[in-house]
Trainee: 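Got a structure here, written out as structure tokens. Questions coming.
Computation of the quantities below employed the complete heavy-atom set of this structure, encompassing side-chain atoms and omitting hydrogens, waters and symmetry-equivalent molecules. Since this is a predicted model, take the numbers as computed values, not measurements.
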Amino acid sequence: MSRQPSQDFLQFLLGGSLFAAGIFLFTNQVMVGSGLRGLASGRLGGSGFGSFWGGTFALGAGGGFGLLMIPFGIGVAFLLADTYRKAGWFLVWASAAAVGAGVLQSLLFSFRETSLWSLMAMVVMIGGGGGLMFRSMRGYQEEERQRRAMDQDEAAAKMMDIKEELEQLKERLDQR
């Protein structure tokens with residue numbers, strides 16, 4: 001099967017555009033919030049203790065990341081003192097990862113109401129775009145393997161020629 005790179009490139013661009021547009025539309029329907037603001041201020045039926053006490057009594061919505069600063073500080077101290085560098089980097093990165101995971105865990109995701117038609121259009125755009133991108137790349141891997149095998153065969157043939165030439169030169173030198 002002969003490939004047409006320009007046609008495949010255009011197909012890849014079309015698929016990538018459909019895929020990106022579908023992802024954009026889908027993620028545009030997702031609402032992200034922490035839920036802490038509503039609980040702390042009493043807007044969601046709470047009594048408002050969270051805003052006064054800094055989130056401590058906000059129905060379990062307090063952060064609690066303060067203890068993670070202890071290993072973070074120890075890691076920074078190790079790094080600046082130039083001792084136990086591996087342990088210092090481990091403590092710094094582990095603490096930062098734990099804080100990041102805690103922040104992500106506290107987020108609430110919800111999908112806004114949308115029509116079935118809109119949801120189906122988003123899914124078709126994502127699936128169809130991905131399919132077009134994969135289709136445009138199909139066959140190139142096999143062609144690359146064949147090309148590499150041919151290159152290796154040519155290299156082996158050249159090596160044999162060089163060996164024969166060296167043998168001939170060796171015989172000439174031996175004759176003198």
Trainee: Are the side chain of Ser95 and the backbone N or O of Val92 linked by a donor-acceptor pair below 3.5 Å?
Mentor: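 Checking the backbone N and O of Val92 against the side chain of Ser95, no donor-acceptor pair under 3.5 Å is found.
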Trainee: Step through the shown structure and confirm whether more than 12 heavy atoms of other residues, nucleotides or ligands are within 6.0 Å of CZ on Arg112.
Mentor: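 Atom CZ in Arg112 is crowded, with more than 12 foreign heavy atoms closer than 6.0 Å.
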Trainee: Working to the nearest 0.5 angstrom, can you tell me the gap between Met137 CE and Gln11 CD?
Mentor: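 Spacing of CE (Met137) from CD (Gln11) equals 10.5 Å.
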Trainee: Any idea which heavy atoms bring Leu68 and Ala98 closest together, and the distance?
Mentor: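 Heavy-atom minimum between the residues: CD1-CB, 3.8 Å.
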Trainee: Just wondering, are more than 12 heavy atoms of other shown residues or ligands nearer than 6.0 Å to CE in Met120?
Mentor: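 Yes.
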Trainee: Does the side chain of Val32 come within less than 4.5 Å of Leu108's, by heavy atoms?
Mentor: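 Heavy-atom side-chain distance check fails, nothing below 4.5 Å.
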Trainee: With side chains defined as the heavy atoms from C-beta onward, is the minimum distance between Met122 and Gln29 less than 4.5 Å?
Mentor: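 A side-chain contact exists here, since the closest heavy-atom pair is under 4.5 Å.
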Trainee: Is there a path from Ile74 to Leu67 through hydrophobic residues (I, L, V, M, F, W, Y) whose side chains come within less than 4.5 Å of each other?
Mentor: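 Yes: a chain of side-chain contacts under 4.5 Å links Ile74 to Leu67.
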Trainee: Does Ser17 use its side chain to pair, donor to acceptor, with the backbone of Leu13 at less than 3.5 Å?
Mentor: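 At least one qualifying donor-acceptor pair exists.
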Trainee: Short question: side chain of Arg135, backbone of Phe12 - any donor-acceptor pair under 3.5 Å?
Mentor: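 Side chain of Arg135 to backbone of Phe12: no pair is present.
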Trainee: Return the minimal non-hydrogen interatomic distance between Ile126 and Phe19, and the atom names on each side.
Mentor: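 Heavy atoms of Ile126 and Phe19 come nearest at O-CD1, 3.2 Å.
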Trainee: Take atom CZ of Arg147 as the centre, draw a 6.0 Å sphere, and report whether it contains more than 12 heavy atoms from other residues, nucleotides or ligands.
Mentor: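 Buried by this count: over 12 neighbours within 6.0 Å.
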Trainee: Could you tell me if the side chain of Arg85 sits less than 4.5 Å from the side chain of Phe78, heavy atoms only?
Mentor: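 In short, these two side chains do not touch, never coming nearer than 4.5 Å.
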